[in-house]
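What's counted below: heavy atoms across the whole structure, side chains too, no hydrogens, waters or symmetry copies. Just so you know, ligand 1 is whichever comes first in the structure, and atom 1 is the first atom listed for that ligand.
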Amino acid sequence: MKKITLNLVLSLLSLVFVTQINATLPVHEAQHDRAAISVDNPWVRSAPPNAPILGAFMEISNHSDSDIKLLSANTKGYKRLELHKTVSQDGMMKMIKQDFMPIPAHGKLTLKPGGWHIMMIQPKKVPKEGDSVVIKLVFDNGLSKTIQAKVRKGRAMDHKKMMHHQH
Ligand SMILES: [Cu+2]
């Protein structure tokens, strides 16, 4: 009697075990590398057709247990892309080139006007509002992610317009 019960428990246990493996395997595979990083709301601030630079913004989340660095951003049709941070120095806003962007473990870095941003330098052709810009992000540990950023008006500009309309 005891032996039967034990067998039953063992087979039930293995059944649960097998079910869990089946359920988690594909997810685990998908999470490997690429899912450690997710990018939300990527966008490029629209600019006049003769603009020498464009700013790209997004939220980069790190779902892994270790800090991750964004090392570079690449896209076609520009002289180069740089990682920038806007800081206030002696009462002036200055853009300072960074070697990398830090995305903390289980945290996120928000790229936005007036802060961290990707600077797209010397476009062959300035994209129009509504266009998509494909940007490849390269992280340390061999991670990389390609995103599509929509070109749209910046919030600062919208805000300025709103202020004008109030008068
Ligand atoms: Cu910049």
Side-chain angles (χ1 to χ4, degrees), residues 27 29-167:
V27 178
E29 245 170 62
Q31 275 175 349
H32 187 69
D33 274 13
R34 258 169 287 173
I37 288 281
S38 65
V39 177
D40 295 302
N41 306 318
W43 65 286
V44 170
R45 194 192 333 221
S46 61
N50 59 348
I53 52 168
L54 288 154
F57 312 96
M58 63 201 72
E59 288 164 27
I60 307 174
S61 299
N62 177 358
H63 309 288
S64 78
D65 294 329
S66 30
D67 297 347
I68 293 177
K69 292 174 182 173
L70 172 66
L71 297 178
S72 68
N74 309 289
T75 188
K76 281 179 191 149
Y78 294 79
K79 192 179 181 192
R80 66 178 186 279
L81 265 56
E82 289 181 358
L83 309 178
H84 280 192
K85 190 182 184 183
T86 303
V87 294
S88 180
Q89 249 178 26
D90 308 319
M92 280 183 41
M93 298 300 267
K94 282 186 184 169
M95 296 198 295
I96 298 177
K97 192 184 162 189
Q98 308 286 318
D99 291 333
F100 64 87
M101 290 189 186
I103 302 113
H106 298 288
K108 78 173 176 182
L109 184 73
T110 302
L111 283 61
K112 59 176 187 231
W116 290 94
H117 59 278
I118 294 170
M119 196 96 266
M120 306 177 16
I121 297 163
Q122 283 188 29
K124 280 191 186 124
K125 188 175 183 288
V126 173
K128 288 192 199 75
E129 234 178 291
D131 286 355
S132 281
V133 179
V134 176
I135 302 172
K136 187 183 179 191
L137 305 172
V138 179
F139 299 91
D140 60 349
N141 303 329
L143 291 169
S144 75
K145 200 168 182 70
T146 301
I147 51 141
Q148 289 203 14
K150 262 264 157 71
V151 179
R152 64 171 171 85
K153 282 200 184 80
R155 285 202 187 95
M157 261 163 93
D158 291 345
H159 186 63
K160 229 186 255 172
K161 260 186 204 163
M162 264 168 53
M163 304 259 283
H164 282 297
H165 283 305
Q166 276 171 358
H167 290 296

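Ion pair R152/E129 not flagged as a salt bridge, since none of the NZ, NE, NH1 or NH2 atoms sits closer than 4.0 Å to an Asp/Glu carboxylate oxygen.
Rounded to the nearest 10 degrees, the angle SD (M119) to the Cu ion (ligand 1) to SD (M95) equals 110°.
Checked against the Cu ion (ligand 1), the N, O or S atom of H117 at the shortest distance is NE2. Checked against the Cu ion (ligand 1), the N, O or S atom of H84 at the shortest distance is ND1.
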(request) Could you check H106 against N62 for side chain to side chain donor-acceptor pair (under 3.5 Å), going step by step and ending with a plain yes or no? (result) CA-CA 5 Å; H106 298 288; N62 177 358; over 6 Å; no

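Using a 30° and 60° split on the angle between ring planes, F57 and W43 fall in the tilted class, from 30° to 60°.
Between G130 and K150, the shortest heavy-atom contact is O-CE, 3.1 Å.
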